[in-house]
Each structure stands twice: as C-alpha cells, then as structure tokens.
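Numbers here are sequence positions counted from 1.
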Amino acid sequence: MITDKDLLSIGLIRRTRYKDLPTFVFVKRDGLFVPFRSEQIAELVGEEGFVLRSDVQDEGDGTLTWQDLVGYTIEDERKVVGKIAQVDESTINTLAILEDERMIPLHEDFIVEIDEDARILRVNLPFEL
C-alpha cells in the first residue's frame with residue numbers, strides 16, 4: 001500500500017497540462033492514495049497531487065526534500081519549538097505544520113543546520129514563538 005512517506009506533493013493541480021509528469025499522479029480520496037494516469041490530469045484539477053518519490057528522486061542521491069522533514073523536531077536557539085507533523089507546499093511559502101497546528105515558514109534563510117541522524121532541524125527564526 002502506498003503511504004505519504006512514498007509520495008511527494010506536487011501541490012494543488014490547477015491546469016490540465018504538465019510537462020514531464022511521471023506515469024502516475026496520486027490524489028488522496030477517503031484517506032487512501034488513488035493513482036491516476038498522467039493523461040487524466042484534467043479530472044484532478046482542484047485537488048492536491050502527489051507523485052512517487054522514486055519517480056523524481058534517486059534514493060541514494062542524499063538530497064532532502066521539504067517532505068523529508070516530516071517527523072523532524074524544530075529547535076530555535078536551544079529551545080524546542082515542536083515536531084513537524086506535515087509540510088504544506090501548496091502556496092508560494094512552504095510551511096511546516098507542527099503537531100500543535102502552529103505553522104512555521106520553511107525558508108533556507110532561517111535554517112541553520114539539518115541533523116539527519118538526530119532528525120533535528122535547527123533554525124534561527126526572526127520572530128518569537
């Protein structure tokens with residue numbers, strides 16, 4: 001069964017033609033990810049689309065995506081801010097949504113360090129949480 005860990009969000013589907021899509025695009029229906037052929041993209045307008053990670057990323061290339069940060073703990077100046085429950089990439093500003101539903105912008109300027117072994121995202125935010 002396909003889970004959210006197997007997929008990457010491509011955001012809200014707004015147009016009927018996308019260049020270089022993999023064979024299948026997934027949408028979440030009734031809690032399950034349902035595959036659609038890329039040619040059926042017109043049926044999915046208005047829904048969040050997902051693609052298999054393996055279709056867009058080499059497993060061994062070491063490149064992290066925003067979605068890879070789900071489950072990481074965010075620390076700001078030695079203070080634990082919270083744990084990332086999900087990442088929203090549907091708008092121009094990528095947001096980390098914490099378990100307590102607070103939202104924090106994920107921007108490269110705020111990230112100090114990513115400790116993959118400890119699953120910690122160290123940030124220097126320009127505002128108090």
Side-chain angles (χ1 to χ4, degrees):
M1 174 160 50
I2 301 288
T3 67
D4 56 348
K5 291 184 186 342
D6 301 317
L7 300 170
L8 285 172
S9 173
I10 58 171
L12 195 62
I13 298 171
R14 296 177 189 250
R15 50 181 201 239
T16 59
R17 290 196 179 120
Y18 283 83
K19 194 175 185 179
D20 301 324
L21 275 177
T23 306
F24 291 99
V25 175
F26 295 80
V27 294
K28 198 168 194 176
R29 300 247 170 102
D30 296 324
L32 299 173
F33 290 100
V34 179
F36 290 84
R37 291 203 167 275
S38 296
E39 301 85 43
Q40 297 173 292
I41 196 101
E43 299 173 30
L44 308 176
V45 170
E47 298 191 58
E48 183 176 9
F50 299 86
V51 295
L52 288 170
R53 286 179 184 274
S54 59
D55 285 345
V56 295
Q57 169 184 355
D58 292 333
E59 291 298 324
D61 72 357
T63 304
L64 280 177
T65 65
W66 293 123
Q67 295 299 325
D68 291 328
L69 298 176
V70 171
Y72 275 56
T73 299
I74 295 181
E75 289 182 0
D76 182 40
E77 298 174 351
R78 297 189 186 103
K79 173 181 149 187
V80 174
V81 176
K83 195 171 195 175
I84 300 173
Q86 68 185 75
V87 174
D88 180 357
E89 296 181 79
S90 64
T91 65
I92 195 165
N93 298 313
T94 302
L95 299 171
I97 302 172
L98 305 181
E99 290 176 335
D100 63 3
E101 298 183 358
R102 289 182 294 164
M103 292 183 227
I104 296 175
L106 287 176
H107 193 279
E108 294 171 4
D109 291 346
F110 301 153
I111 297 173
V112 176
E113 177 188 9
I114 300 173
D115 185 341
E116 291 183 59
D117 295 328
R119 296 184 55 84
I120 295 173
L121 177 67
R122 290 186 180 88
V123 296
N124 184 8
L125 298 174
F127 50 87
E128 180 66 31
L129 293 173

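- V81 places a side-chain heavy atom less than 4.5 Å from the side chain of L98.
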Using the side-chain contact (heavy atoms from CB on, under 4.5 Å) rule, take R29 and V27 through it: C-alpha gap first, then chi angles, then the decisive distance, then the call.
CA-CA 6 Å; R29 300 247 170 102; V27 294; 4.0 Å; yes
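- In this structure, CD on E108 lies 9.5 Å from OG1 on T94, to the nearest 0.5 angstrom.
- Scanning both residues, D55 and P22, for their nearest heavy atoms gives OD2-CB, 3.4 Å.
- More than 12 non-hydrogen atoms from other residues, nucleotides or ligands lie less than 6.0 angstrom from CD of E113.
- Partners of Q86 by side chain to side chain contact (heavy atoms under 4.5 Å, CB included), not counting sequence neighbours, listed by chain and number: I97.
- A heavy-atom distance below 4.5 Å is found between the side chains of T23 and R37.
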Trace of the side-chain contact (heavy atoms from CB on, under 4.5 Å) decision for T73 with L121:
CA-CA 6 Å; T73 299; L121 177 67; over 6 Å; no
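- For E75, the side chain to side chain contact (heavy atoms under 4.5 Å, CB included) partners are V80, I120, R122, not counting sequence neighbours.
- Shortest non-hydrogen contact noted between G49 and I13 is CA-CD1, 3.8 Å.
- Checking side-chain atoms of E89 against main-chain N and O of W66 turns up no donor-acceptor pair under 3.5 Å.
- Interatomic distance, L106 CG to N93 CG, rounded to the nearest 0.5 Å: 10.5 Å.
- Note that the CG atom of L95 and the CD1 atom of I84 stand 11.0 Å from one another [nearest 0.5 Å].
- Salt bridge annotation for K28-E47: absent, with no cationic side-chain nitrogen under 4.0 angstrom from a carboxylate oxygen.
- Note: F26 and F36 fail the aromatic proximity criterion, with ring centroids not under 6.0 Å apart.
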I would like to know whether D6 and F50 meet side-chain contact (heavy atoms from CB on, under 4.5 Å); could you show each step before the answer?
CA-CA 9 Å; D6 301 317; F50 299 86; over 6 Å; no
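- Under the ring pair (Phe, Tyr, Trp, His ring centres under 6.0 Å) criterion, the residue pairs touching residues 92-121 are H107-F110, with sequence neighbours excluded.
- At distances below 3.5 Å, not a single donor-acceptor pair connects side-chain atoms of D76 with backbone N or O atoms of K79.
- V25 and S38 make their closest contact through CG2-OG, 4.0 Å (heavy atoms, listed as atom of the first residue, atom of the second, distance).
- The shortest distance between side-chain heavy atoms of L52 and I2 falls below 4.5 Å.
- Side-chain atoms of I41 and L21, non-hydrogen and from C-beta on, do get closer than 4.5 Å to each other.
- The CZ atom of R119 lies 8.5 Å from the CG atom of D68; values are rounded to the nearest 0.5 Å.
- When every heavy atom of A85 is checked against every heavy atom of V70, the shortest pair comes out as O-CG1, 3.4 Å.
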Please evaluate residues V112 and V123 with respect to the criterion side-chain contact (heavy atoms from CB on, under 4.5 Å), reporting the C-alpha separation (whole Å), side-chain torsions for both, the decisive distance (0.1 Å), and the verdict.
CA-CA 5 Å; V112 176; V123 296; 5.5 Å; no
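- In this structure, F24 and V51 approach most closely via the heavy-atom pair O-CG1, 4.1 Å.
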